[in-house]
2 protein chains.
Amino acid sequence: MARRPTIADVAELAGVSRATVSFVLNNRPGVALATQERVRSAAEKLGWTPSRSARALSTGRARAVGLVLAREPELIGTDPFYPAFMAGIESVISETGDGLMLQMSRPGDEVETYRRLAADRRVDGVFLTDLRLDDPRPGLVAELGLPAIAVGGIESDRDLPTVNLDDRPVVRNAVRHLVELGHRNIAYVAGPEEFVHARRRREAWADALAEAGLPRGTSLPGGFTAEGGARATRALLDLPTPPTAIVYGNDLSATAGMAVAQDAGLRLPDDLSVVGFDDVPLASWTSPTLTTCRANPVLWGRAAAQALVEMIEHGTTADVELDPATLVIRGSTGPVPVRGSR
Amino acid sequence: MARRPTIADVAELAGVSRATVSFVLNNRPGVALATQERVRSAAEKLGWTPSRSARALSTGRARAVGLVLAREPELIGTDPFYPAFMAGIESVISETGDGLMLQMSRPGDEVETYRRLAADRRVDGVFLTDLRLDDPRPGLVAELGLPAIAVGGIESDRDLPTVNLDDRPVVRNAVRHLVELGHRNIAYVAGPEEFVHARRRREAWADALAEAGLPRGTSLPGGFTAEGGARATRALLDLPTPPTAIVYGNDLSATAGMAVAQDAGLRLPDDLSVVGFDDVPLASWTSPTLTTCRANPVLWGRAAAQALVEMIEHGTTADVELDPATLVIRGSTGPVPVRGSR
DNA sequence: ACCGCCTTTTAAACCGGTTCAAGTCCCGGT
DNA sequence: ACCGGGACTTGAACCGGTTTAAAAGGCGGT
């Protein structure tokens, strides 16, 4: 296996200096066409590709962006958001030959992970996902001078560029849909309150109830997990006046909730209506099929990547507001049970 | 924001040469303890971290490994294997400060993606997952001189180090479990035949039937998707003699299959037993809960990463055989319906 | 023949580390 | 007083690109 060719080899073969080869490669003006041609064919002949590391060293750019996943390992596989989100990122950055550096960390080591990423200059910028209230990361990336994009957290006072999708309209739609079906006792099973998006969804549910002139509903934590959703559902069904409809923070807890309700002998949607969030692939295949809210994580990824690239290149970028999620009405929602039927 | 310190700054502050700083950093023997101390505290004081790119350039190692995900974008989110697998990889490589470079590609562009990864020398080695029959990648990485580990594909004639988990025993167990419950007509809904692991599971099912002295069963393609699983299930139920049990290539198609069966008026497991594969988080929360086969993708990731690191460092490594998956018996399997009850 | 100017090309410094061959010191042995 | 050798240290080359300042070449005008 021969040593791989360097720019010097190409220069020699083309009979020019290394500088010229570099100019041609980066198609900088000021090189005679004939020379360009000679250089290109020499490069081609030798099968030369510029070395990333050498380039990174002299340009100071890693040509890679970083994504830190700070979830408990056992939760990692449950969220279909990330794979799709990453696919969206890839579709943008691969166009310019950039790469995606993935780091996983325990939720606690997050800050350390970002620090290392920045110290190593392994990436030119990072995505901040799963933003929490009082999240240390916006301050951290500012301190580190690391270009970053906040994904999904609306933080009006932050100077961090944001790619946002407002979950509130679709949650309000979901509640409205239930109200139209006659429901008046609509509970909520929330995700972890520290997440901006989890809290926002819950607030939207509460707001929608108020808008409909309904009393405050019951909200219980479901932790975005199946177990949590099941537990919360059991608790809700044990209430003196159980809800006739439950809105869940995500599909995972909604599905678990449906199982719990059915185990308790309820028929869905006759006795209980259920709404999820995410539209996971299985949502069309539960029984009944799951009414849920569908966003487009691939588009999130694309938008976030575009914003980050612009941020890296120009030091600034505009906030992006994505099209809101849509309500997908399936079989798990139906008319409120006639009073006293239970 | 001050320019970040270089090794020269540290050297100057410590009153030594750059070479000495480098030696201390890499704790090479032959540096006086007092000097080491001086260098370290100088580095600390300046907040110096060696630059990855500079290091990569002079050592020729990128200190990163690559994972290429070649799935249709819409399928990416459905498989809990990858996130957990990646978490396993991370847990190993982050110990040495290495990184994980993620590339996604359409199934067709796969080879191109590996080529680029190798040409850029962005990674020191790669994982080959989802191996197919006649997969071009083993040959490719050999040609490129790129260290690689085959994950999950048993290819006895390959000289590629392999981290393997034999799915066959657990599938045979599943079939045996069904046979013990009295089933004699056990069908299979398979994943795409081009995948080594999909084919292997199906063969294990067929073998187990033979071992039990049963006639050949019916196998239909389910493509590892919900839709495919649903379609295959409908077709199986429409057979003149429908199966009393169905084994699926993965949980996704199994869950969809359960929904189809229930829609057709069958009670599970009374009229039909179902077995999945993967043990996705939701498997405990379907109704009935899903009997399935559980492997440990995090361990796969760990083992694969360890093997790859060794491969990168020593040019060779032993094959690894992981503990087989286990059968998790839940509510979707039960005694065969009494003859003629349908 | 000389000059200025524009186009094209190049030498050399630089990015920030690693590494090897060649020092420098110091000490004990003769 | 001189020598050999081990323990430390260092100068300088090197990794493979980019970039700047300056040189070289060509050409029309006077």
Side-chain angles (χ1 to χ4, degrees), chain A residues 2-40 42-43 46-64 97-98 116 118-122 124 313, chain B residues 2-40 42-43 46-64 96-98 118-122 124 313:
Chain A
R3 190 180 55 80
R4 84 198 221 103
T6 75
I7 198 171
D9 301 325
V10 177
E12 193 184 7
L13 180 58
V16 297
S17 71
R18 299 186 307 153
T20 302
V21 176
S22 176
F23 290 159
V24 172
L25 169 71
N26 301 312
N27 27 236
R28 284 244 291 249
V31 178
L33 247 81
T35 311
Q36 290 190 31
E37 198 40 59
R38 216 149 16 101
V39 169
R40 280 190 220 288
L46 295 175
W48 174 73
T49 322
S51 137
R52 282 270 162 192
S53 357
R55 252 191 172 166
L57 179 57
S58 56
T59 61
R61 279 198 48 182
R63 306 242 49 147
D98 290 4
R116 226 178 57 188
D120 290 354
R121 282 285 186 273
R122 255 209 142 106
D124 300 316
E313 267 160 19
Chain B
R3 188 181 55 79
R4 86 198 220 102
T6 76
I7 198 171
D9 300 324
V10 177
E12 194 185 6
L13 179 58
V16 298
S17 73
R18 299 188 306 153
T20 302
V21 176
S22 176
F23 290 159
V24 171
L25 170 72
N26 301 312
N27 26 235
R28 283 244 291 250
V31 178
L33 246 80
T35 311
Q36 289 189 31
E37 199 39 59
R38 213 146 23 97
V39 168
R40 279 189 221 288
L46 295 175
W48 175 73
T49 322
S51 138
R52 282 272 160 189
S53 357
R55 252 190 172 167
L57 178 58
S58 56
T59 62
R61 278 197 50 182
R63 306 242 50 147
T96 52
D98 289 5
D120 289 354
R121 283 286 185 273
R122 255 209 141 108
D124 301 316
E313 266 160 18

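Order of the sequence lines fixes the chain letters, A, B, ..., with proteins taken first and strands second; residue numbering starts at 1 for each chain. These numbers come from a predicted model, not from an experiment.
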Whole-Å distance, A/D9 CG to D/dC15 P, equals 11 Å
Rounded to whole Å, CZ of A/R52 lies from P of D/dT18 at a distance of 11 Å
Check: B/R63 and B/R55 side chains under 4.5 Å, non-hydrogen atoms: no
Taken to the nearest whole Å, CG/B/N27 to C1'/C/dT18 is 14 Å
Rounded to whole Å, the CD-C1' distance (B/E12 to C/dG16) equals 15 Å
Minimal heavy-atom distance between A/A56 and A/A62, with the atoms involved, is CB-CA, 4.4 Å
A/F23 CZ to D/dT18 C1', in whole Å, measures 8 Å
Open item on the list: Regarding B/R28, tell me which of base, sugar-phosphate or nothing describes its non-hydrogen contacts under 4.0 Å with the strands shown.
Closed with: sugar-phosphate
To the nearest angstrom, the CD1-C1' distance between B/I7 and D/dG11 comes to 14 Å
Ranking D/dT10, D/dT9, D/dG16 by distance to the side chain of B/V16, first place goes to D/dT10
A/L25 and A/P50 have their tightest heavy-atom pair at CD2-CG, 3.8 Å
Once you apply a heavy-atom cut-off of 4.0 Å, does A/T35 come out as touching a base, just sugar-phosphate, or nothing?
sugar-phosphate
Of the listed C/dT18, C/dG16, C/dT9, the closest approach to the B/L25 side chain comes from C/dT18
B/R122 atom CZ is separated from D/dG17 atom C1', nearest whole Å, by 15 Å
B/Q36 atom CD: more than 12 heavy-atom contacts under 6.0 Å: yes
Scanning both residues in full, the closest heavy-atom pair of A/I7 with A/W48 reads N-NE1, 3.5 Å
For D/dG16 and A/S58 - does any side-chain N or O of the residue sit under 4.0 Å from the phosphate oxygens OP1/OP2? no
Worksheet item: Would one find a side-chain N or O of B/W48 under 4.0 angstrom from OP1 or OP2 of C/dG16?
Response: no
So B/A19, base contact, sugar-phosphate only, or nothing? Heavy-atom distance under 4.0 Å. base
For a quick test of reading the model: is some side-chain N or O of B/S51 closer than 4.0 Å to OP1 or OP2 of C/dG16? no
Taking for B/T59 and for B/R38 the nucleotide of DNA chain D with the nearest heavy atom, the one nearer the 5' end belongs to B/R38
Check your understanding: Does A/T20 place a side-chain N or O at less than 4.0 Å from the phosphate oxygens OP1/OP2 of C/dT10?
Key -> yes
For B/V16 and B/V39 the tightest heavy-atom approach is CG2-CG2, 3.9 Å
Among C/dG17, D/dC15, C/dT9, the one nearest any side-chain atom of B/P50 is C/dG17
Exercise. For the base of C/dG16, is there a side-chain donor-acceptor partner from B/R18 under 3.5 Å away?
Worked result: no
To the nearest angstrom, the CG-C1' distance between A/N26 and D/dG17 comes to 10 Å
Contacts of A/L57 and B/S17 projected onto DNA chain D by closest heavy atom; the upstream (5') one is B/S17
